[in-house]
There are 4 protein chains.
Amino acid sequence: MTVTGTWRTYEGSNLSPALASALNKFVEQGYHGTSVRQIAAGAGLSVPGLYHHFPSKQALLVGIMDASMDELLERTRSAEAGAGSSPSDRFDAVVEALLLFHIHRRDVAFVCSTEIRSLDPTNRAAYIAKRDEEQRLLDAIVADGVESGVFDTPHPADASRAVTTMCVGVATWYRPDGPLSPSELVAVYLDIARRTVGAATGGQA
Amino acid sequence: MTVTGTWRTYEGSNLSPALASALNKFVEQGYHGTSVRQIAAGAGLSVPGLYHHFPSKQALLVGIMDASMDELLERTRSAEAGAGSSPSDRFDAVVEALLLFHIHRRDVAFVCSTEIRSLDPTNRAAYIAKRDEEQRLLDAIVADGVESGVFDTPHPADASRAVTTMCVGVATWYRPDGPLSPSELVAVYLDIARRTVGAATGGQA
Amino acid sequence: MTVTGTWRTYEGSNLSPALASALNKFVEQGYHGTSVRQIAAGAGLSVPGLYHHFPSKQALLVGIMDASMDELLERTRSAEAGAGSSPSDRFDAVVEALLLFHIHRRDVAFVCSTEIRSLDPTNRAAYIAKRDEEQRLLDAIVADGVESGVFDTPHPADASRAVTTMCVGVATWYRPDGPLSPSELVAVYLDIARRTVGAATGGQA
Amino acid sequence: MTVTGTWRTYEGSNLSPALASALNKFVEQGYHGTSVRQIAAGAGLSVPGLYHHFPSKQALLVGIMDASMDELLERTRSAEAGAGSSPSDRFDAVVEALLLFHIHRRDVAFVCSTEIRSLDPTNRAAYIAKRDEEQRLLDAIVADGVESGVFDTPHPADASRAVTTMCVGVATWYRPDGPLSPSELVAVYLDIARRTVGAATGGQA
DNA sequence: TATGAATGAGCCTTCATTCAT
DNA sequence: TATGAATGAAGGCTCATTCAT
């Protein structure tokens, strides 16, 4: 519950104009539904101008998805590192990091869950490796918690994945102008996540 | 738990060859990443032969998604109707129906969660209406459970959505040749789902 | 000026449903802009049903254009034959026949002037031969009139063609619900045609 | 008769290669009978190369027909403006302008009279407005002539249209290697046109 | 650096036509 | 006789990408 750590702080994403434009279009129309021309137009570039910065449409997708996964991994690791050593604290921190990321990097996260199959085989393998690394990070915490008795679930791996699924799903429906502020959403989902792994739900019932 | 009903029984889906082929390709490559030629080839048809049965590529997508949502709604309603009147029984039945559907109609369900944006505006609105209806069905059960005191959660609507998200997510990763049989998966996720809404977890710690 | 002769009488054209439908579509969209399916639909036939009556789309065009030219030739010849032997009377009769045809067979005549290039080379040659025959019929009358002194023009062939052009052009703009009745239009254009070849204009000036 | 003016001078039309190729094909095969591939080939371009210059096949047709009508209107107005104020002189000038245009811009003029129905509704309306403007220009001259007594016809509007029809029709049959030189044809048709409106036929009979 | 112009390949769709039933 | 189903070829158009300037 310590409030330190830059992993909680989000500023406007620092994507280049080209990547930002590609992101916008991919969110709305998908990778295959978006043309290079649309991306260039959205970036205020000519088509060859766009190719000056990125060698292919695929490179734009990779640029978005890799940066996203790197940022998520960094924030999650930083969150866990900044938390105490108890599985409960580490779980809370990582889940909060996951939630904040999927709230504040909604578009990028949506493209990541949506366009994996649009990656070339090589790029896909690399991306999936990172994603699995992220999942294993949470898996380890849940396993620690069960082992040490602070979590109580007969199927920790499944529970861990369910938690990830819920958090990732936030990117699909969360709207900044919706009924929940980011911190409210974090509170709600943290509660749900704790229940999922059989943790003590922070002071509540 | 022993209520029988056809909503538990799955046979090979009765999609026409054209729809079946479209489904296969959409799963692998997405709607915009799939060409009509590929669909026709997969169905053993010439391109005009395909158009003899469906007027457009979009109609194929609608055919898949509408049939899917109709089947899910029917199975879910049938499951709830066949359960007792207690929120717990209804919750279990509907969650099981959701899970079985996303296990046995994995491809169709995956396309449904993935290609909503590929629907034309009109078709999209119609589809979303059905999807919301499905969500409301579970929302009502959870609300009933909280009201009657058998469920215990301070944010029933969010919990209900989280449950749906988890169940729908199953279609993304479940593999028939994986470690979990359908009934095992149902048992695991039913436990997780009950925890999410604060229900008594069926006799299990 | 004798009012006898069936060449003045027009009843609904006796085109078969298939030809009538083809005619309608060709008028609105042109030959190449019309599909066999549209023609079949307009005729209340299935596509193979249409092919039962006509072996090809081209045959429909030929059916329309040949029937049209045959009817025009027949009416024009009959008009000339029924007129006196004087060039003036023959001229008047033939021009009236031309005008009435282009008024009452407007659609068919429009397609004839419009779709010559859509005919296959063989069919085109045959059609043009008939059209030239029609033109020569008027040319001969004008030549006779000039020779016998009742017409006065230094360029009879050009005048004859100009007359034909004007009469044929009527099909392009005449509307039954327009300001001119058929007989009024005949009167007006007969006057203009006589002036063109330098004939005495029936009692006027 | 000796009024000079650029409206009499014709040089090779300055259509772009794409428009020139489209024009050639449209003349031979009609709009709907011509494929974009043929147009591109005729222009020495690839298909996308063609689309780089024109956004659609329809735009090519509009490009041809609009430029044509604009040129005709400009030449006709310039002809009338350069003539004296007498209806006779203005009539002669405008008719000559019409004839020269339909001789020297034969193809373009032919497509204009032939492909109106191939224009999209909006484009068609715009084109017809210009065409009507052209017709009204001649109508006004003929009306003036009748009013001032130099023309003698009981149906000036019909005569005016007949004159236009004849002149426009020239594009259908005139061949540069035929028996009539442009100036000969102008002389012949000017004579015929004057007769049509009951004008004094320039010194002839 | 940035762009106007270009392209081979491919897109979704429709064509005129055929044939088993 | 009439039709449901089918097809090779082609339709208009756009794709990601390149290159001379």
Side-chain angles (χ1 to χ4, degrees), chain A residues 18 22 29 31-41 43-61 118, chain B residues 16-18 22 29 31-41 43-61, chain C residues 18 22 29 31-41 43-61 118 120, chain D residues 16-18 22 29 31-41 43-61 118:
Chain A
Q29 310 169 338
Y31 178 76
H32 288 299
T34 299
S35 77
V36 170
R37 270 181 165 70
Q38 291 175 317
I39 298 170
L45 290 170
S46 66
V47 169
L50 177 62
Y51 274 91
H52 179 74
H53 300 289
F54 287 85
S56 68
K57 185 184 173 186
Q58 174 77 198
L60 289 161
L61 181 60
S118 302
Chain B
S16 69
Q29 310 171 335
Y31 178 77
H32 287 300
T34 299
S35 77
V36 169
R37 279 167 175 79
Q38 291 173 319
I39 298 171
L45 290 171
S46 65
V47 170
L50 178 62
Y51 273 91
H52 182 74
H53 298 288
F54 288 86
S56 68
K57 187 185 175 187
Q58 174 79 197
L60 289 162
L61 182 59
Chain C
Q29 312 171 335
Y31 178 77
H32 287 299
T34 299
S35 77
V36 169
R37 269 180 166 69
Q38 292 175 316
I39 298 171
L45 290 170
S46 66
V47 169
L50 178 62
Y51 274 92
H52 179 73
H53 298 291
F54 287 85
S56 69
K57 186 183 173 187
Q58 175 78 198
L60 289 161
L61 181 60
S118 302
D120 287 347
Chain D
S16 69
Q29 309 170 335
Y31 179 78
H32 287 299
T34 299
S35 78
V36 168
R37 280 165 175 81
Q38 291 175 320
I39 297 171
L45 290 171
S46 65
V47 169
L50 178 63
Y51 274 92
H52 181 73
H53 298 288
F54 288 85
S56 67
K57 186 185 174 187
Q58 174 79 194
L60 289 162
L61 182 59
S118 301

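First the proteins, then the strands, lettered A, B, ... as listed; each starts at 1. Any value given below was found using the heavy atoms of this structure, including those in side chains, with hydrogens, waters and symmetry copies removed. Quick caveat: nothing in here was measured; it's all calculated off a predicted structure.
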Worksheet item: Rounded to the Å, how far apart are D:H32 NE2 and E:dA16 P?
Response: 12 Å
Worksheet item: Starting at CZ of B:R37 and ending at C1' of E:dT14, how long is that distance when rounded to a whole Å?
Response: 12 Å
Worksheet item: If you pin A:P48 and B:S46 to their nearest nucleotides in DNA chain F, which one's is more 5'?
Response: B:S46
Discussion item. Base, sugar-phosphate or nothing for B:V36? Non-hydrogen atoms, less than 4.0 Å.
Written reply: base
Practice prompt. Treating a pair as Watson-Crick (purine N1 to pyrimidine N3 plus N6-O4 or O6-N4) or G-U wobble (N1-O2 and O6-N3) with both distances under 3.5 Å, list the stems of 3 or more consecutive pairs that involve DNA chain F.
Written response: E:2-21 with F:2-21
Response to the item:
Scanning both residues in full, the closest heavy-atom pair of B:A43 with B:P17 reads CB-O, 3.7 Å
Practice prompt. Whole angstrom is fine here: how far is it from CG in A:L60 over to P in F:dT17?
Written response: 9 Å
Worksheet, complete the sentence: DNA chain F nearest-nucleotide lookup for D:S35 and B:L45: closer to the 5′ end is B:L45
Item to complete: On DNA chain E, check which nucleotide each of C:S56 and B:Q38 is closest to and give me the residue with the more 5' one.
Response: B:Q38
Worksheet item: How many angstroms lie between atom CG of B:L61 and atom OG of B:S56, to the nearest 0.5 angstrom?
Response: 9.5 Å
Worksheet, complete the sentence: Heavy-atom nearest pair, D:H32 first then C:Q29, reads CD2-O, 3.6 Å
Fill in: Separation of atom CD1 in A:I39 from atom P in F:dC15, rounded to whole Å
11 Å
Discussion item. What is the distance, to the nearest angstrom, from the CG atom on B:L50 to the P atom on E:dT13?
Written reply: 10 Å
Item to complete: Check the distance between E:dT13's P and B:Y51's OH and give it to me in whole angstrom.
Response: 3 Å
Worksheet entry | Nearest atoms (heavy-atom pairs only) where A:A18 meets A:F54 | CB-CE1, 3.8 Å
Fill in: D:H52 NE2 to F:dT18 C1', straight-line distance once rounded to whole Å
13 Å
Worksheet item: Donor-acceptor pair, B:Y31 side chain versus B:Q58 backbone, under 3.5 Å?
Response: yes
Practice prompt. Using atom types as modelled and distance alone, determine if a side-chain donor or acceptor of C:K57 lies under 3.5 Å from a backbone N or O of C:A22.
Written response: no
Practice prompt. When you get a sec, tell me which of F:dT14, E:dT1, F:dA5 is the closest nucleotide to the side chain of D:V47?
Written response: F:dT14
Worksheet item: In whole Å, what is the span from the CD atom of B:Q58 to the P atom of E:dC11?
Response: 18 Å
Practice prompt. Check step by step if side-chain contact (heavy atoms from CB on, under 4.5 Å) holds for C:L45 and C:H52.
Written response: CA-CA 10 Å; C:L45 290 170; C:H52 179 73; over 6 Å; no
